[in-house]
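Note on naming: letters A, B, ... go to the chains in the order of the sequence lines (proteins, then strands), and numbering restarts at 1 for each one.
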Amino acid sequence: MTTPMATSDRKVLDGIAYVVLAAAYLGFLAIVLGDLLAWLGSST
Amino acid sequence: MQPIRERLHAWCESVSCCAALLARGALAVPAIDHARVVTWSICMTGLSSRTRQILYRGRPALISFLGVHAAVLALCAALIEFGVKWRAVVVSPWLEPLGVALPSRWLDFPVGRALVLPLAAFGIYKVLWQLRARYEFTPTSITIETGVLWRRTGHCTADELAGVEHRKGPFESLADAGELVLAYRDGRTVVVPGVPELGRVAVALQRALELPTGAMAWSPPGLTRTPTHAYEAAGYRRATLLGTSSSGAASFVAVMVALVAVPIGIAAWLDLPILHQLVDMVHELRGGR
């Protein structure tokens with residue numbers, strides 16, 4: 001039998017998870033945009 | 001001893017009389033029965049706070065959507081790590097045998113990494129959707145407000161429902177979150193994903209409907225045991241509480257355009273040479289070379 005997490009704990013964990021997700025997505029975007037711009041720069 | 005209710009009424013009367021006198025004297029307001037208005041508003045506030053029991057009000061549970069995010073991030077990482085070139089994926093196997101010639105610069109286009117852009121935009125759109133969504137559950141009604149840019153609100157009352165089910169994934173059980181399956185009397189079923197405090201919400205709704213509580217609460221006619229998809233088996237059709245709309249797709253496109261427009265805007269602002277190269281490339285493409 002599992003014990004449900006307290007609401008305050010859930011909010012804290014959700015907040016951390018949102019920050020981690022946003023950082024991951026923005027990091028990927030930075031890599032991709034950098035790569036595309038580098039391709040653009042090299043090909044002109 | 002005077003009952004609490006009478007004492008509260010007396011207190012309301014005295015406060016409202018003072019307010020009415022102040023309003024008439026200091027603000028020279030015409031003779032409005034402020035006493036009655038103030039008493040009525042205080043009593044109504046007290047009444048509404050007593051009767052309106054909120055089971056949950058807030059964002060959906062993130063844990064229910066982590067699977068989607070994990071899949072999108074894994075795909076992004078794979079596309080970046082094993083980034084394939086346009087030449088290897090499309091040109092060599094498909095275009096060269098057909099004799100189609102492409103400008104040389106496009107042969108080295110990092111198509112794998114370019115595909116990360118819409119994927120990451122989708123992930124960011126989902127994060128924004130979850131941050132902006134609001135669920136409100138009371139024992140007699142459900143209100144859902146969603147949308148990143150264009151907001152939509154769906155509402156249903158317990159009177160419209162024939163049954164309520166809930167189901168949880170293996171990780172959702174840890175946080176008591178999951179999906180709430182609502183079966184309407186008109187034959188629709190609606191799945192509300194990521195409902196936090198699911199057990200409490202579902203049991204309260206089932207009690208409001210005077211149904212036996214539990215994950216398998218309601219049996220469609222002709223079925224003695226209710227599997228999870230029994231509603232569909234009994235002829236119920238899937239629907240969404242908010243209906244279908246193109247505003248979600250429009251929000252996603254807006255997020256993607258912003259993700260491309262912001263770096264270009266920064267490049268333009270800083271007058272970076274990369275912007276001139278971009279303009280040259282567009283001119284070259286329009287020239288048909």
Side-chain angles (χ1 to χ4, degrees), chain A, chain B residues 56 58-63 65-66 69 72-73 76-77 79-80 83 103-110 112-117 119-128 130-131 173-177 196-200 259-260 262-264 267 272-281 284:
Chain A
M1 183 86 181
T2 54
T3 308
M5 191 183 303
T7 308
S8 56
D9 293 346
R10 189 178 66 77
K11 283 184 177 174
V12 171
L13 287 174
D14 275 7
I16 294 169
Y18 278 122
V19 171
V20 170
L21 282 175
Y25 283 124
L26 292 177
F28 280 143
L29 268 177
I31 291 170
V32 169
L33 285 174
D35 207 43
L36 287 174
L37 290 175
W39 166 78
L40 193 63
S42 67
S43 61
T44 51
Chain B
Y56 177 78
R59 293 191 185 101
L62 180 62
I63 197 164
F65 303 96
L66 281 183
H69 288 299
V72 172
L73 286 173
C76 286
L79 283 170
I80 287 175
S104 59
R105 74 172 63 202
W106 288 100
L107 295 177
D108 290 324
F109 180 66
R113 295 195 171 188
L115 284 174
V116 172
L117 190 66
L119 269 175
F122 175 75
I124 290 173
Y125 164 74
K126 293 303 283 184
V127 168
L128 291 173
Q130 287 144 26
L131 280 171
S173 302
L174 299 171
D176 191 24
E197 301 175 34
L198 182 66
R200 200 160 66 91
L259 288 174
V260 176
V262 167
I264 291 177
L272 294 178
I274 198 76
L275 191 71
H276 300 294
Q277 290 163 354
L278 181 67
V279 172
D280 290 344
M281 200 187 80
E284 189 183 337

If I take atom [atom1] from residue [X] and atom [atom2] from residue [Y], how far apart are they, to the nearest 0.5 angstrom?
{"X": "B:F122", "Y": "A:Y25", "atom1": "CZ", "atom2": "OH", "value": "8.0 Å"}
{"X": "A:F28", "Y": "B:L79", "atom1": "CZ", "atom2": "CG", "value": "9.5 Å"}
{"X": "A:Y18", "Y": "B:H69", "atom1": "OH", "atom2": "NE2", "value": "7.0 Å"}

Original post:
Given the options B:L73, B:V72, B:I124, which has more heavy-atom pairs under 4.5 Å with chain A than any of the others?
Top reply: B:L73
Subject >> Listed partners of B:A121 passing side chain to side chain contact (heavy atoms under 4.5 Å, CB included), at least two apart >> reply: B:F252, B:M256, B:L259
Subject >> Contacting moiety of B:L131, where chain A heavy atoms sit under 4.5 Å >> reply: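 Contact with chain A: backbone and side chain both.
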Subject >> Pairing residues for B:R59 by the salt bridge (charged side-chain N to carboxylate O under 4.0 Å, His left out) criterion, not counting sequence neighbours >> reply: none
Original post:
Measuring heavy-atom distances to chain B, does A:A17 have an atom under 4.5 Å in its side chain, in its backbone, in both, or in neither?
Top reply: both
Original post:
Is the shortest heavy-atom distance from the side chain of B:L62 to the side chain of A:L21 under 4.5 Å?
Top reply: yes
Original post:
Shortest non-hydrogen contact from B:P60 to A:D14?
Top reply: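 The pair with the smallest heavy-atom distance is O-OD2, 4.4 Å.
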Original post:
Most heavy-atom pairs under 4.5 angstrom with chain B, which of A:L36, A:D35, A:I31?
Top reply: A:D35
